[in-house]
Structures are given as C-alpha cells and as structure tokens.
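Here the structure is laid out as structure tokens; the discussion comes afterwards.
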Amino acid sequence: MSDSKNKENEGFQRQFIEALPHAVALGMVPGSMGDGRAELSMPYNEKLIGDPETGVIHGGAVSALMDTCCGAAAISHPDSPGGTATIDLRIDYMRAAVPGQCIRAEAECYHVTRSVAFVRARALDDDPERPVATATGTFTMGND
Amino acid sequence: MANARPDPVQIVKQRRDAALGALVSSVPYIGFLGVEFDRRGDELTAIMPYAEKLIGNPVLPALHGGATAAFLEITAIIGLSWSVLWEEIEAGNFDASAVAGGKVPRLPKTIDFTVDYLRSGLPRDAYARAHVNRSGRRYASVRVEAWQDNRARPFAQATGHFLMPRRDG
C-alpha cells in the first residue's frame, strides 16, 4: 500500500470514529481498518468502571467497543455498500480486564453474503495470550 | 413485642429507595450513561434518558448498539442483584439502611450476554425491565427487554448468564 493510500485510510478511520458520538464519549481510538478487518482500542477511564470494589471496566463498555469494532469490520469489507446495523451480538466474558490497562479489540468478517456480515472479535488487555472477551455477531450489509 | 407495629409506609419506601439508590450509584458506568431506576414494589424499570453521546449513527439518527447493549446489561445486573437483595431485606437478613449507608453487596459478574437488535433505537428515552429466569446459588439466567415509545414494540432484547457473588456463611 502506498503512503498516500495509507494516509487516506487513516483519515477514514478517524472520521468513522469521530462520526459516532458514543464511540467518542467512550474515548475509543481507531486502529487499522480495511478488507473486512478492524482494530479499535479504548484507554482505561474511571467513568467506565462497573465494579467499584476492583475498578474493573463495566461489561457494557466492552460490549460497546466490540460492537463498534465489529461494525467497522463489516463496513470495511470490499463488498459493503457502506453503513451497517447490528442484528445480533453475543459476548463471552472470559475474565476481568486488568484495571488501568487499555482494552484493544480486533474484529474480522469471517463470512459475508449480500445482506449479512458474520463477524467475530476478541478484546485484549496487555496480556495478548488471554483474551478478556470474545464476540460473535451478525451485521447488516448497508443501512438496513 | 410479638405484635410490633410495622413501620409507616414512607419509612419502608424511603429505606428501600435508599438501598436501591446506593446500589445504583456505586457503579460509575451507570452514572456515565445516565441510567436511572424507577421502583414499584419489587419491580424495577430502568430508564436511559436520551443524550447525544448515546448516538451511534448520526445520519438516521439511531442509538449506538453498544449503548443499547450496555443499557440492557446494566438492567440485568441491577435487576438480578436487586431481586436477591429484596428477598434478603424482606427476610430480615440484610439491613436496607446498611446498604444505603455504603455497605453495598458485590454485584453478579457477566458470563455471557446476547443482544437481539429488533429495530433501530430512536433518539428518545429508552426503558427496560429484567426478568430473572433462574437465580441459583452460583449461576443465574436473566432476560431483558427494552422499548421506547411503545411497550408492545421492543427495540432490543437480551439474555445473559451471570456468576453470583459468593455469600458469607
């Protein structure tokens, strides 16, 4: 990929996230995006705490990150007409994310049809060997 | 004092509302999303007042799927925790005023959570209620339904499994 194409992509990713008020409110930072794959991270923030005793991030914030990342992967697929909506999303919470660490999500479309993208994702903190959560979801190809 | 008079209704209500308030306000993320709870007896209705920061698609505009998922999960966790707490308070095992005073019980942990998006969330207030399918000593299954203007037309529903906090004794 040429530098100019890369730059164009970076601009697109930033625009994609900045266009989503909820993603901005949660402090999501875009990573790479393209070809049915996306990466997105969410730095630790005290306002996202779900367990006051341990300071662990709320599952809902992890869901929001996963949903956004999966949606980004669906939109970035070459066959996507642009735009998407979540049909269904399942999250398995394997362990608590370590308080203070940034959470990074990576999603990929493992199958797409004309109408549906089948997407899976993982959420990781600083230990990439042990995912915090995994997700599988279905997304519309285009805005409904 | 076998026939001690029950406490006046306002006192009972105040005590229960204070316990619920303490439970809800102990979670920063609930405050961040602006989710509130309305209590009628033991029944809770969660309310997520509309805010611009909940929007995911500014063109439609529609609520972010993540905000909807979080709203449902919050409703499930608080609903489940409240149902257990309610029984304990009623049985006299748990002092509601102690909860209100900051002795908040540990919350259930989500094992898995599956959300069905039935229609796009409108830029309006959203409501949700949780139904505990089963609440065991260690595991629980909870179903949640969320709607906006029309109770008969839910915009999202979810089912989740939870690990219950260990209880002393």
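Below, all heavy atoms of this structure are taken into account, side chains as well, without hydrogens, waters or symmetry copies. A, B, ... follow the sequence lines: proteins, then strands. Residue 1 opens every chain.
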Side chain, backbone, both or neither of [X] within contact of chain A (heavy atoms, under 4.5 Å):
X: Ile111(B); result: backbone
X: Leu63(B); result: neither
X: Leu72(B); result: neither

If you count heavy-atom pairs within less than 4.5 Å of chain A, which of [options] leads?
options: Ala67(B), Gly160(B), Ala62(B); value: Ala67(B)
options: Ile30(B), Ile55(B), Val27(B); value: Ile55(B)
options: Gly65(B), Ala158(B), Pro61(B), Gly31(B); value: Gly65(B)

Requested in this report: Using the rule that two of Ile, Leu, Val, Met, Phe, Trp, Tyr join whenever any of their side-chain heavy atoms come within less than 4.5 Å, decide whether Val35(B) and Leu44(B) are in one cluster.
Outcome: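 Yes, it is one cluster - the side chains of Val35(B) and Leu44(B) are joined through contacts under 4.5 Å.
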
How close do [X] and [Y] get, counting heavy atoms only, and between which atoms?
X: Met94(A); Y: Pro131(A); result: CB-O, 3.7 Å
X: Ala76(B); Y: Val144(B); result: CB-CG2, 3.6 Å
X: Pro49(B); Y: Gly34(B); result: CD-O, 3.1 Å

Report task. Taking Gln101(A) for its side chain and Asp125(A) for its backbone only, find out whether a donor-acceptor pair lies under 3.5 Å. Result ->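 No; zero donor-acceptor contacts below 3.5 Å.
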
Student check: side-chain heavy atoms of [X] and [Y] closer than 4.5 Å:
X: Pro28(B); Y: Leu48(A); value: no
X: Ile49(A); Y: Phe32(B); value: no
X: Ser76(A); Y: Arg37(A); value: no

Query raised in the report: Can you tell which of Ile57(A), Ile87(A), Leu20(A) has the highest number of heavy-atom pairs within less than 4.5 Å of chain B?
Result: Ile87(A)

Query - ring pair (Phe, Tyr, Trp, His ring centres under 6.0 Å) pairs, two or more places apart, involving residues 98-120 of chain A - result: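 Residue pairs with at least one partner in residues 98-120 of chain A: His111(A)-Phe118(A).
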
Could you work out all donor-acceptor pairs shorter than 3.5 Å where one atom is in chain A and the other in chain B?
{"unit_1": "His22(A)", "atom_1": "N", "unit_2": "Lys53(B)", "atom_2": "O", "d": "3.3"}
{"unit_1": "His22(A)", "atom_1": "N", "unit_2": "Ile55(B)", "atom_2": "O", "d": "2.9"}
{"unit_1": "His22(A)", "atom_1": "ND1", "unit_2": "Lys53(B)", "atom_2": "O", "d": "2.9"}
{"unit_1": "Ile49(A)", "atom_1": "O", "unit_2": "Tyr29(B)", "atom_2": "N", "d": "2.9"}
{"unit_1": "Asp51(A)", "atom_1": "OD2", "unit_2": "Arg106(B)", "atom_2": "NH2", "d": "2.7"}
{"unit_1": "Asp67(A)", "atom_1": "OD2", "unit_2": "Gly66(B)", "atom_2": "N", "d": "3.3"}
{"unit_1": "Thr68(A)", "atom_1": "OG1", "unit_2": "His64(B)", "atom_2": "NE2", "d": "2.9"}
{"unit_1": "Ile87(A)", "atom_1": "O", "unit_2": "Tyr117(B)", "atom_2": "N", "d": "2.9"}
{"unit_1": "Leu89(A)", "atom_1": "N", "unit_2": "Val115(B)", "atom_2": "O", "d": "3.0"}
{"unit_1": "Leu89(A)", "atom_1": "O", "unit_2": "Val115(B)", "atom_2": "N", "d": "2.8"}
{"unit_1": "Ile91(A)", "atom_1": "N", "unit_2": "Phe113(B)", "atom_2": "O", "d": "2.9"}
{"unit_1": "Ile91(A)", "atom_1": "O", "unit_2": "Phe113(B)", "atom_2": "N", "d": "2.9"}
{"unit_1": "Tyr93(A)", "atom_1": "N", "unit_2": "Ile111(B)", "atom_2": "O", "d": "2.9"}
{"unit_1": "Tyr93(A)", "atom_1": "OH", "unit_2": "Glu73(B)", "atom_2": "OE1", "d": "2.8"}

